[in-house]
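What follows is a set of notes on a single structure, which appears directly below.
Chain letters run A, B, ... following the sequence lines, proteins first, then strands; residues in each count from 1.
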Amino acid sequence: MDNNKLLDHILRFDKKFAIFIKSLCILLLSAIVVIISISIFTRFIMFTPLNFSDSLATYLLVWLSFLGMGLAFREGEHISVDMFVNKLKGKGKKTVLIVSDVLISVFLIVIICNGVIFAMNGSESYDHIVFGMSMTIPYLSVAIGSLYALIQLNLITLVKVLEVD
Amino acid sequence: KGDSRSDGEYVFNVASVLSAEDSVSLGLDKFADIVAEKSEGKIKVETFHGGQLGSDLETFEAVKNGNLDMATGSIANISPITNAFNVLHLPFLFDSKEQAFNIVNNEQVRGSIDQDLAQINLKWFGAFDSGGPRVIATKNKEVHSLEDLKGMKLRASESPLELAAHKALGAKGTSISWPETPQAISQGMVDGVTVPLNALHPSKLYEDGTIKSVAYIPFQWFFHATVINKDKWESLPKDVQEILSESIKEAEKWQLDNVDQLYTGIVKDMKDAGLQINKLPETEYKKIEKVTKDVVWDKYVDGKTVTQEKLDLILDELIESKQAGDWGYQIE
Amino acid sequence: MMLLFFLLIALGIPIAFALGLTGVIAFILTGDPLELFVQRMFTGLDSFTLVAIPLFILAGELMDGSGILIRLLNLARLFVGRIKGGLLYVTTLATMFFGGVNGSAVADASAVGSMLIPTIDKEYKDPELAAAITASGAIVGPIIPPSLPMLIYAFSAANVSVAALFLAGIIPGILLALGMMIVTFFIARKRNFPSDKKKYTISEVLRILRGALVAAVLPIIMVVGIVAGIVTPTEAGCVGVIYALAVGFLITKELTLKKLHDALGRTVMVSTIVMILISVGNSITWWITIQGVPNAISTLLQNTTQNAVVFLMLMFIIYLIVGFFIEQSAAIIMFVPVFAPLAMSYGIDPVHFGLFTCLVLALGLITPPVGICVFITSSIAKIPIERGFKASVPYMLSVTAVIILVTIFPQIYMWLPNLLLSI
Ligand code: NA
Ligand code: NA
């Protein structure tokens, strides 16, 4: 009974969170389309290439990719081999779920910590082409994306583990 | 692996973006050989060519953050992380190889640039000739005058000074990383590139007619610098530092002495394959020089991108060229 | 390390993260900086060329949503519907065509995959085959010019001309596709796939042709645009998106805001999966390189044989193993600076070695455990990857046969670059 209530809360939070991130990713993707379209327009119709468009689109894609990492956990889209795990039932399945959760979490935590260092080290670097932006902004994508992935992964594992019961 | 010191040995990993056959890479290999010889194998330099460890900006940044020992790359591409080398990339600053390397090897100039590099934990370690100044290589349109450059789209490095030079010429610069450049030219994103003459060779773009002609306007000089992490350098014992310093000096000299012949051969090879190289009339050249210097120097000697102080230091030390316009290699 | 990697995969850990964990442990064991691991994850994605991937995927999704796809398929059915499994041949041709245009197998598998896999599945009830045929077709694209891996190759190897490599790829590319169609022929016969019994009236034929006209404009714009050097693949992808939007909203009026939202969501998902693999792969590549693996293999080879044929045989095995784990372009950047000069020292023609390298590493895109094209198509077909790989085996064999054929008899294709470039 308690478990069900907890599960409900988690599921509701999880859903809201995921909708927000997904909308953000869709926004980023739309922005890429718009930027490249404008770039094509300026290049062919106005004969003045936009210098920043290519780099900007690339940075947006990098952000999209790292943010999408967590969504892919939620929707079970990451490519994996499930044939062994699917054969397991009950306790065995639960153990494997928790072990892989812990392992991936360790990886993500390593990436988050070093990602923050990496981003901070980029604070004195600038992209002259994209409005002289500090490189911390694109660099942070790795850490933030991994942080969201960490949260999402553990939420989803929790749900799965509770479901096994 | 950077700090690995096994059995009393020192290992240094050096990244370079040019292919293993390029003169800069040969210079680095020479450096590795000299170090091995002088230290009787105690110090080992491992070279990684052809961008195996990443682009120049990427590897410079790795050295800066203390994650890689040394990196070699174009001073134009280091500009996102430091302004230290910008001054040497001012268009029409030098008019011969002799003049340029005299400045590069000047103690005071090195000291001043090193001071700036120290702020981001780098030390300037070596300098190799990467083929002299940029010239203008084009796809379809031939360039014979300043007028011809109007509205042309040119590929630029990461350097704001190069982008500004393109603008001053009436052209439009687009920053494209070097590995993506051939595709950009063949797909018509740009009408041409501004690179040292020999840099056209590895991509063989002139063979299939992607690049048809070169306007020989040596307008913007640069070289390939090797940098080392400053903390790493200072942590080394004096004798190791000495061996490394002496070895790089010898390797630089070896490269500088041998590079002219190599690049002359490359230019001849490209001409035989059909690349057309046009020299511009003196009046046109002067016009281009004036318009570029007027715009770019004015705008970028702003105390930030380039400081007046550093520029004055260089101008004071600038020797009279015995042969202006001589960049080492022959084009005739 | 490899054992660890397989263990993690068996635990059901997604391949990208199994790769990442293995990499992080490798970095820690050798004392390599973990910050660099993150830097490489970033720089692996920091390339404008990759922007083409989501745009091609989105264009594919929208072509479906706007009804362009169904019109193209009606046309295909009209032409080859009477052959058993006709749609399968169409798929191989489509992947060859699309990949031929954009030069990237990954973009190809995503684009054609999202367009054709659902239809093949509907038609023949065989999602595994659909995934296999699209994945293997996708590797033909980058062999036929223009080709992203070949551009990268020419840069890494220095002494080879892009034009010659491009020309060299045409005939082997066609052979690859032919080989796959032969395989398909036997599969279709064995399973006795249905052929279209439908009789068309003149007015139906005209309607199909008219419908296809709207659809055909798009590929033509993209092909002409890229081949004539007007637009980059990324821009072509964007043009595709705009065109599909325009057709869907204004001409067929089949596209709705809901469908658009779904297409964007799908694109986010599929691109993320691909990009994360590329990203983590880029970090691993660095470690393998700095460990001196490429240099060590090169020394080993030199000490083993002086014979060019033996050398090529050994290279085939090495590239095959490399291809098990590492994506084509990454492998080229990592190994070619070392192997290309080595091949020259054995007196092997640089163009021949270049084509050989691109071909064998292309096979790696469909071989397990890391076969990015099969990953993509399996994920589109919604089947477990092991089944996707299993269905791909006949195609792997046909690709191998073509590689062996052109490696032993380079004269089959070398005459083309030799002829055209000597003029
Ligand atoms: Na292609
Ligand atoms: Na593989």
Side-chain angles (χ1 to χ4, degrees), chain B residues 1-6 11 13 15-22 25 46-55 57-59 61-69 139-140 174-191 201-210 273, chain C residues 27 30-37 39-40 42-44 46-49 103 146 148 151-152 154-167 225-236 282 285-287 289-292 294-295 333-338 340-341 344 420-421:
Chain B
K1 200 72 195 298
D3 300 316
S4 69
R5 186 191 172 184
S6 54
V11 181
N13 292 321
S16 167
V17 287
L18 297 173
S19 72
E21 284 85 8
D22 193 278
S25 308
E46 297 268 13
T47 55
F48 296 89
H49 303 301
Q52 270 182 299
L53 296 184
S55 73
L57 179 58
E58 187 180 346
T59 52
E61 195 149 29
V63 174
K64 178 193 113 184
N65 296 344
N67 298 327
L68 176 69
D69 303 323
K139 188 178 182 183
N140 294 318
T174 308
S175 280
I176 299 168
S177 82
W178 184 233
E180 288 174 18
T181 299
Q183 198 182 9
I185 305 169
S186 59
Q187 287 168 346
M189 258 180 93
V190 288
D191 306 315
H201 192 253
S203 62
K204 300 272 193 268
L205 284 171
Y206 52 89
E207 265 188 0
D208 60 351
T210 305
Chain C
F27 267 62
T30 51
D32 282 299
L34 287 168
E35 183 194 348
L36 196 85
F37 191 96
Q39 189 190 350
R40 293 286 293 187
F42 177 85
T43 54
D46 185 17
S47 153
F48 181 59
T49 322
L148 219 52
L151 274 169
I152 298 171
F155 251 103
S156 311
N159 266 318
V160 59
S161 121
V162 179
L165 262 183
F166 275 10
L167 289 172
I226 296 177
V227 173
I230 303 165
V231 291
T232 61
T234 308
E235 289 174 337
N282 196 49
T285 306
W286 190 92
W287 185 82
T289 309
I290 204 100
Q291 286 310 308
N295 291 323
I333 293 168
M334 185 156 88
F335 286 100
V336 166
V338 181
M344 292 256 288
L420 290 177
L421 291 175

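Each of C/Asn282, C/Thr289, C/Val338 has some count of heavy-atom pairs under 4.5 Å with chain B, and the biggest count is that of C/Thr289.
Taking CG of C/Asp46 as the start and CD of B/Glu58 as the end, the distance is 8.5 Å to the nearest 0.5 Å.
By the side chain to side chain donor-acceptor pair (under 3.5 Å) test, B/Gln52 is found to be paired with no residue, residues two or more places apart in sequence or in another chain being considered. Taking B/Asn140 as the reference, B/Lys212 meet the side chain to side chain donor-acceptor pair (under 3.5 Å) condition, with sequence neighbours excluded.
Residue B/Phe48 comes nearest to C/Asn295 through the heavy atom pair CE2-ND2, 4.2 Å, listed as atom of the first residue, atom of the second, then distance.
Of the atoms belonging to C/Gln39, it is side-chain heavy atoms, and not backbone ones, that fall under 4.5 Å from chain B.
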Worked verdict on B/Asn67 versus C/Trp286 for side-chain contact (heavy atoms from CB on, under 4.5 Å): CA-CA 12 Å; B/Asn67 298 327; C/Trp286 190 92; over 6 Å; no
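Between B/Leu68 and C/Ile290 the shortest side-chain heavy-atom distance falls below 4.5 Å.
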